[in-house]
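Structure, as structure tokens:
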Amino acid sequence: MKKAVLYLFILSLLFNVFQYMNSTKILKTQSKEIENAKAKIKAVRDSSDIVYNQMLDANYFSLEMNDESINYLEDYSIPELSEKIKNELLALNDSPKGNPLIPYDPIDGNKFIINKIKIINHRWIIADIYSGTLRGEILIKYFVNENKPTDFETIETILFPKVKNVQ
């Protein structure tokens, strides 16, 4: 009987040592995984902060971020007004000779139209223009009219040189 108890004691001691070693190994592995996860989370947060700051910088010149312009247009909903202005500006592209705000005649049968729009503040818009092979930018002054279409006036345009096919 004493031998059986001794064997059981040794067996339980070996089992406890095995459990301790196994638990320690699992704990170390989990600690490393947690540290790796924390490092990844920190990297993602840092990247997220960088992207957020870049977005703020990119939107610095925008109607939505300009408090003075928002105060000037206090009678309007800025998102609805922005959508109205963009729709009116893009509707001018339907003219047979191209957008009338762009002072260039069609080239090779391609009319100039406005592609992309950025409302800078309560007076200015910058837009991307293109005509098949040529593209450029246009600066537009606008005036919002109550219950009337928005008035647009071209301030300046720039055309970029044609890109040559390099082979």
- Item | Partner of Ile117 by side chain to side chain contact (heavy atoms under 4.5 Å, CB included), out of Ile125, Ile138, Ile85 | Ile125
Distance (rounded to the nearest 0.5 Å) between [X] [atom1] and [Y] [atom2]:
X      : Y      : atom1 : atom2 : value
Ile70  : Leu63  : CD1   : CG    : 6.5 Å
Met65  : Ile78  : CE    : CD1   : 13.5 Å
Glu83  : Ile119 : CD    : CD1   : 9.0 Å
Ile26  : Lys28  : CD1   : NZ    : 12.5 Å
Lys118 : Ser82  : NZ    : OG    : 10.0 Å
Lys116 : Tyr130 : NZ    : OH    : 11.5 Å

Donor-acceptor contacts under 3.5 Å from residues 91-108 side chains, at least two apart:
{"unit_1": "Asn93", "atom_1": "OD1", "unit_2": "Asn99", "atom_2": "ND2", "d": "2.9"}
{"unit_1": "Asn93", "atom_1": "OD1", "unit_2": "Ile114", "atom_2": "N", "d": "2.9"}
{"unit_1": "Asn93", "atom_1": "ND2", "unit_2": "Ile114", "atom_2": "O", "d": "2.8"}
{"unit_1": "Ser95", "atom_1": "OG", "unit_2": "Gly98", "atom_2": "O", "d": "3.3"}
{"unit_1": "Asn99", "atom_1": "OD1", "unit_2": "Leu101", "atom_2": "N", "d": "3.0"}
{"unit_1": "Asn99", "atom_1": "ND2", "unit_2": "Leu89", "atom_2": "O", "d": "3.4"}
{"unit_1": "Tyr104", "atom_1": "OH", "unit_2": "Thr157", "atom_2": "OG1", "d": "2.9"}

- Criterion side chain to side chain contact (heavy atoms under 4.5 Å, CB included) on Asn59 and Glu64, from CA distance to verdict: CA-CA 8 Å; Asn59 284 328; Glu64 294 82 8; over 6 Å; no
Is there side-chain contact between [X] and [Y], with at least one heavy-atom pair below 4.5 Å?
X      : Y      : answer
Ile140 : Trp124 : no
Leu159 : Phe112 : yes
His122 : Asn66  : no
Asp151 : Tyr142 : no

When you group the ILVMFWY residues by side-chain heavy-atom contacts below 4.5 Å and let the links chain together, are [Y] and [X] in the same group?
X      : Y      : result
Leu90  : Leu81  : yes
Met55  : Val44  : no
Phe152 : Ile126 : no

So does [X] have more than 12 non-hydrogen atoms from other groups sitting under 6.0 Å from [atom1]?
X      : atom1 : answer
Gln19  : CD    : yes
Tyr72  : OH    : no
Phe160 : CZ    : yes

- Task: Let me see the working for Lys25 and Leu27 under side chain to side chain contact (heavy atoms under 4.5 Å, CB included), right down to the final yes or no.
- Result: CA-CA 5 Å; Lys25 184 178 178 182; Leu27 183 62; over 6 Å; no
- Any donor and acceptor pair, going by atom type alone, linking the side chain of Ser23 with main-chain N or O of Tyr20 inside 3.5 Å?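 The answer is no, because no donor-acceptor pair under 3.5 Å joins these two groups.
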- Between Asp49 and Arg45, is there a side-chain N and carboxylate O pair less than 4.0 Å apart? no
- Could you tell me which residues satisfy salt bridge (charged side-chain N to carboxylate O under 4.0 Å, His left out) with Glu88, sequence neighbours excluded, listed by chain and number?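 Glu88 satisfies salt bridge (charged side-chain N to carboxylate O under 4.0 Å, His left out) with Lys84 once adjacent residues are dropped.
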